[in-house]
Amino acid sequence: MNDLLEKANKLGIKIPAITAEEINEQIKPVLKKMEEAGVMLDCEALNSLDVKLSDKLKVIEAEIYEKAGRELNIGSPIQMADLLFNELKLPSEGLRRTKSGVSTAAQELKKIEDCHPIIPLMLEQRELSKLISTYLKPLPLLVDENSRLHTTYGLETSTGRLTSSEPNLQNIPIRGTFGGEIRAAFVATEGMKLIAADYSQIELRVVACMAKDTAMIEAFEQGEDIHSRTAAEIFNVKQKDVTPDQRRKAKAVNFGIVYGQTPYGLSQALNIPVDEAAKYIKTYFEVHKGIKNYINEMIEKAHSDGYVETIFGTRRYLPNIASHIRYISEAEERMAINMPVQGTAAEILKLAMIKLDRELSSLNTKYEARNTKQIQNSNLKNSEIVSGFDIRVSDLAHMLLTVHDEIVVEVPSSEAKQVAQIVKDAMEGVVKLCVPIEVSLGIGDNWAEAK
DNA sequence: AACTAGGCT
DNA sequence: GTATAAGCCTAGTTG
């Protein structure tokens with residue numbers, strides 16, 4: 001523990017005196033409450049979207065059969081690859097190969113999108129069948145008698161993140177044509193609102209601090225748009241002259257830092273030549289010497305100690321860091337770079353949840369006292385006072401979900417603004433990094449609206 | 001059970 | 001020569 005505080009001091013970080021093990025013990029009852037509370041699902045909305053998309057899917061599949069000249073199993077990558085590259089003779093150079101042949105992943109198909117009308121159809125088919133089979137069909141079958149969905153949170157990950165399963169509520173769609181509609185089916189109870197509170201670039205703030213990277217620290221202190229700042233650096237332009245495409249590329253570079261980027265990886269992510277990607281990375285490290293140094297330090301530590309760790313002491317052992325098989329050792333190097341950052345961000349979120357749980361509990365006690373008093377003074381029945389609050393009077397505002405850098409809270413509409421500020425303050429203040437921590441807030445009747 | 005694919009941060 | 005940006009969970013196909 002003393003080690004941890006000492007380490008934090010060196011980095012200019014103020015953290016609560018608590019170990020990773022203690023964080024995990026204390027988060028358990030919080031997660032249990034969230035699991036039991038569940039989140040209300042608008043099953044009718046999902047069912048009608050299911051009907052709509054299933055109809056659309058049938059039409060698209062018929063068109064695929066027509067273009068193919070025969071019926072085949074569209075869900076089989078083997079059969080589809082055979083059709084595309086053997087029968088239709090579409091070009092397969094430049095496409096990734098899997099163990100079973102040419103990849104038909106959407107990312108690869110986009111490269112030959114203009115070669116044949118069947119490709120756009122396949123992409124649309126994939127999107128629809130994914131949504132239908134993973135979300136629209138299964139989720140409505142899992143709700144309880146109150147239309148609420150109960151996930152199970154897990155603590156067993158290699159970085160310290162949480163997992164969510166049966167159902168996984170950490171991969172509910174948000175992008176794409178229908179993502180928003182699906183997320184909008186996660187609704188607040190009558191008379192209540194959802195608050196969605198998101199850490200803004202928490203991993204980059206963490207790495208800026210762990211790496212003591214002067215340029216990145218300055219960017220966050222000044223409240224700059226970090227991606228456009230990076231764009232200005234790697235393209236050697238003024239920040240105001242950064243184009244949207246330059247910003248998009250810089251965003252990928254920033255993601256890459258946290259992932260242990262390689263020229264090849266960046267080139268794939270951006271669909272650009274490897275040497276162009278290599279240039280961006282080279283320029284980036286010329287500006288961000290602190291980041292470069294952090295990367296070297298983590299790799300060295302993994303070699304010397306056999307593990308890397310977060311600020312709070314969660315460890316990840318990397319037994320193959322010295323493997324003579326290069327891609328094995330390189331994979332563990334990337335884990336060594338990523339884990340302390342992803343893991344520390346996860347710990348910050350867990351600590352915020354523990355803190356927020358306490359604050360909401362004490363707030364709820366006050367509400368309860370107030371409501372009891374109102375009931376006594378008014379001669380109204382309890383049910384009339386709390387009508388619309390279809391949950392225990394002692395538990396009015398509560399956390400429902402968490403998605404890595406986000407917390408979703410359910411709260412009586414009348415208290416939403418006040419509680420949102422409490423959530424934001426708890427999340428922003430739970431630890432003091434060497435840069436400000438920012439949380440963005442949304443309030444709405446459903447999860448899409450609250451983002 | 002392995003593989004491929006694809007949803008999220 | 002071989003792989004190739006971190007961490008998860010779920011669904012469908014294949015053998």
Side-chain angles (χ1 to χ4, degrees), chain A residues 72-81 96-109 122-123 125-139 142 151-176 178-179 182-183 198-204 207 252-270 274 277-278 281 295 298 308 316 323-343 345-346 349 401-407 447 451:
Chain A
L72 76 169
N73 192 338
I74 296 173
S76 165
I78 297 174
Q79 294 183 40
M80 290 310 285
R96 189 170 59 87
R97 298 190 66 86
T98 68
K99 289 171 184 175
S100 14
V102 182
S103 170
T104 68
Q107 193 197 329
E108 305 303 313
L109 294 185
M122 276 181 71
L123 292 170
Q125 189 278 340
R126 290 268 176 85
E127 182 184 3
L128 296 179
S129 60
K130 178 71 180 186
L131 297 181
I132 292 165
S133 72
T134 308
Y135 305 101
L136 298 179
K137 297 273 191 219
L139 292 182
L142 294 172
T151 186
T152 303
Y153 290 106
L155 287 166
E156 310 303 319
T157 62
S158 48
T159 59
R161 271 192 175 182
L162 298 171
T163 60
S164 161
S165 60
E166 289 179 289
N168 181 0
L169 298 186
Q170 292 182 325
N171 74 342
I172 301 303
I174 184 63
R175 305 169 205 156
F178 307 102
I182 294 180
R183 204 165 270 220
D198 270 78
Y199 279 117
S200 157
Q201 268 109 33
I202 186 70
E203 292 191 348
L204 284 177
V207 77
V253 171
N254 281 331
F255 269 102
I257 291 147
V258 177
Y259 294 160
Q261 71 190 331
T262 62
Y264 183 84
L266 183 63
S267 77
Q268 288 297 299
L270 290 177
V274 176
I281 294 171
I295 289 170
M298 287 307 117
V308 293
R316 179 168 192 176
S323 170
H324 295 297
I325 306 171
R326 209 203 311 168
Y327 72 89
I328 302 267
S329 60
E330 284 176 346
E332 296 216 341
E333 286 180 3
R334 294 192 295 273
M335 295 172 198
I337 296 163
N338 173 265
M339 184 272 174
V341 178
Q342 188 183 119
L349 182 92
L401 303 173
T402 177
V403 193
H404 309 306
D405 63 359
E406 174 182 11
I407 299 174
W447 197 3
K451 290 281 283 193

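Sequence lines set the chain letters: A, B, ... in the order given, protein chains first and strands last, and positions in each chain run from 1.
- Between the OG atom in A:S133 and the NZ atom in A:K137 there is a gap of 10.0 Å [rounded to 0.5 Å].
- Residue-level contact check: A:Q79 touches the backbone only, with heavy atoms under 4.0 Å from sugar-phosphate atoms and none from bases.
- Nearest heavy-atom pair across A:F178 and A:L131 is CB-CD1, 3.9 Å.
- Between A:S100 and B:dT4, a side-chain N or O to OP1/OP2 separation shorter than 4.0 Å is present.
- The listed nucleotides are B:dT9, B:dC3, B:dA5; the one nearest the side chain of A:R183 is B:dT9.
- Residue A:A105 is in sugar-phosphate contact alone, with no base atom involved, counting any heavy-atom pair closer than 4.0 Å across all strands shown.
- Among the heavy atoms of the strands lying under 4.0 Å from A:V403 are primed sugar atoms or P, OP1, OP2 only; no base atom is included.
- For the C1' atom pair drawn from B:dG6 and C:dG1, the interatomic distance equals 31 Å after rounding to whole Å.
- Base contact: A:A252 has a heavy atom under 4.0 Å from a base atom.
- Residue A:M335 is classed as a sugar-phosphate contact, given heavy-atom separations below 4.0 Å to backbone atoms only.
- A heavy-atom distance below 4.5 Å is found between the side chains of A:E406 and A:K451.
- Counting non-hydrogen atoms under 4.0 angstrom, A:G75 reaches the backbone sugars and phosphates but no base.
- Heavy atoms of A:R126 sit under 4.0 angstrom from primed sugar atoms or phosphate atoms, though from no base atom.
- Note on A:K99: only backbone sugar-phosphate atoms sit closer than 4.0 angstrom, heavy atoms only; bases stay farther off.
- The gap from the P atom of C:dA5 to that of B:dA5 amounts to 16 Å, rounded to the nearest Å.
- Of all nucleotides in DNA chain C having an atom under 4.0 Å from a heavy atom of chain A, the first and last in 5' to 3' order are C:dG1 to C:dT14.
- At a threshold of 4.0 angstrom between heavy atoms, the contacts of A:L266 include nucleobase atoms, whether or not backbone atoms are also involved.
- Note on A:N338: only backbone sugar-phosphate atoms sit closer than 4.0 angstrom, heavy atoms only; bases stay farther off.
- A distance of 6.0 Å separates OG1 in A:T402 from CG in A:L162, rounded to the nearest 0.5 Å.
- One can place CG of A:N73 at 16 Å from P of B:dT4, the figure rounded to the nearest angstrom.
- Look at A:R126 and A:E108 and you find no salt bridge, because none of the NZ, NE, NH1 or NH2 atoms lies under 4.0 Å from a carboxylate O.
- Residue-level contact check: A:S158 touches the backbone only, with heavy atoms under 4.0 Å from sugar-phosphate atoms and none from bases.
- Rounded to an integer number of Å, the gap from CD of A:E108 to P of B:dT4 is 13 Å.
- The residue A:E166 sits close only to the backbone: its heavy atoms come under 4.0 Å of sugar-phosphate atoms, none of a base.
- Residue contacts shown for A:R161 include a base, since a base heavy atom lies under 4.0 Å away.
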